[in-house]
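FYI, the numbering just counts along the sequence from 1.
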Amino acid sequence: MAQVKGVMVLGRRGELPVGGLARELAVGLPAASAVVDRLVEHGLVRRQEDPSDRRRTLVRLSPQGEELLARLNQGSREVFETWLDNLPEPQLEQLVSGLRSLAEVAETWAEHSAAGVHSSS
C-alpha cells in the first residue's frame, strides 16, 4: 500500500526529495527509502541526485509510473460513474446542487487566498 501511496503522492506533487516523500507518507526516511527502492525496481520511479545539493536524492515518476497512475485514476473514475448512474434522479440533483455550492466556496476561497485573505468561515 505504501508503494501505491508513493505513486499517488509523486503524481500529485511531482519531483520530491526522498525526505519530502517521507513527510508526505508520514513515515521515516528509512521506510521512504525502502518504498523508493521497490518502486525503482518495478520501473515506476526514477531517482537522481539533486543538482543543487548532491546530498539529496530526488525521485519522480517514470513514464511507467505515470501510466500506472493514469490507469488507477481511470478505474476510480469508472467506479464513480457507476455510482452516479445508480443514484435516483432527485438525489443526483441534490448532489449536483451541493457540488455547485462547493465549487462556489472553492472559487471564493481561491480568490481570497490569492489576495492574501484566509477565512475558515
Side-chain angles (χ1 to χ4, degrees):
M1 192 52 135
Q3 293 173 40
V4 172
K5 287 180 182 179
V7 167
M8 296 176 102
V9 165
L10 291 171
R12 185 178 71 248
R13 298 290 311 269
E15 188 173 72
L16 285 173
V18 175
L21 181 61
R23 280 189 297 281
E24 290 286 328
L25 296 175
V27 299
L29 191 55
S33 293
V35 168
V36 169
D37 288 343
R38 287 190 295 276
L39 290 172
V40 168
E41 287 172 15
H42 293 293
L44 300 173
V45 166
R46 292 186 177 159
R47 70 177 139 210
Q48 69 181 47
E49 183 179 276
D50 184 341
S52 64
D53 183 349
R54 294 174 41 159
R55 296 170 294 175
R56 291 188 344 163
T57 300
L58 300 174
V59 292
R60 62 184 163 90
L61 291 180
S62 68
Q64 296 90 337
E66 291 173 0
E67 183 180 315
L68 173 63
L69 184 61
R71 285 195 319 263
L72 290 171
N73 287 333
Q74 180 62 36
S76 298
R77 190 173 308 124
E78 289 169 357
V79 168
F80 186 69
E81 288 172 0
T82 300
W83 293 345
L84 292 176
D85 288 343
N86 286 288
L87 273 179
E89 191 67 29
Q91 290 177 334
L92 188 58
E93 289 172 7
Q94 290 175 342
L95 177 60
V96 168
S97 176
L99 289 173
R100 283 188 181 130
S101 296
L102 184 60
E104 289 172 10
V105 169
E107 185 176 330
T108 300
W109 185 87
E111 290 169 357
H112 287 196
S113 182
V117 177
H118 299 283
S119 173
S120 61
S121 58

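With salt bridges taken as basic N to acidic carboxylate O contacts below 4.0 Å, none links E81 and R77.
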Could you walk me through whether E104 and R100 pass salt bridge (charged side-chain N to carboxylate O under 4.0 Å, His left out), step by step?
CA-CA 6 Å; E104 289 172 10; R100 283 188 181 130; over 6 Å; no
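Atoms NZ and CE, on K5 and M8 in that order, are 10.0 Å from each other to the nearest 0.5 Å. Distance CG/D85 to CZ/F80: 10.5 Å, rounded to 0.5 Å. Here the straight-line distance linking atom CD of E67 with atom CG of L72 works out to 11.0 Å at 0.5 Å rounding. The CD atom of E78 sits 11.5 Å away from the CG atom of N73 when rounded to the nearest 0.5 Å. Annotation: the span from L87 atom CG to T82 atom OG1 amounts to 11.5 Å, rounded to 0.5 Å. Here R46 contributes atom CZ and R60 contributes atom CZ; the two are 5.5 Å apart, rounded to the nearest 0.5 Å.
Considering every non-hydrogen atom in both G28 and A22, the closest pair reads O-CB, 3.9 Å.
Annotation for R13: atom CZ does not count as buried by contact number, only 12 or fewer foreign heavy atoms lying within 6.0 Å. Taking a 6.0 Å sphere around CD of E107, one finds it holds 12 or fewer heavy atoms contributed by other residues, nucleotides or ligands.
With respect to R47, the side chain to side chain contact (heavy atoms under 4.5 Å, CB included) criterion is satisfied by exactly one of L58, D37, L39: D37.
You'll find the side chain of Q91 reaches within 4.5 Å of the side chain of P88, heavy atoms only. For the pair E49/R55, no side-chain contact is recorded, criterion being any heavy-atom separation below 4.5 Å from C-beta on. L95 has its side chain within reach of L84: a pair of non-hydrogen atoms, C-beta onward, lies under 4.5 Å apart. In this structure, L44 and L61 have side chains that are not in contact, with every pair of non-hydrogen atoms separated by 4.5 Å or more.
By the criterion of side-chain heavy atoms lying less than 4.5 angstrom apart, applied directly or through intervening Ile, Leu, Val, Met, Phe, Trp or Tyr residues, L99 is grouped together with V79 in one hydrophobic cluster. L92 is connected to W83 through a chain of hydrophobic side-chain contacts under 4.5 Å among Ile, Leu, Val, Met, Phe, Trp and Tyr, so both are in one cluster.
The closest donor-acceptor contact from the side chain of S62 to the backbone of G43 lies under 3.5 Å. Panel note: side chain S33, backbone L29; a donor-acceptor pair is recorded below 3.5 Å.
The side chain to side chain contact (heavy atoms under 4.5 Å, CB included) search around R12 returns V9, E24, not counting sequence neighbours.
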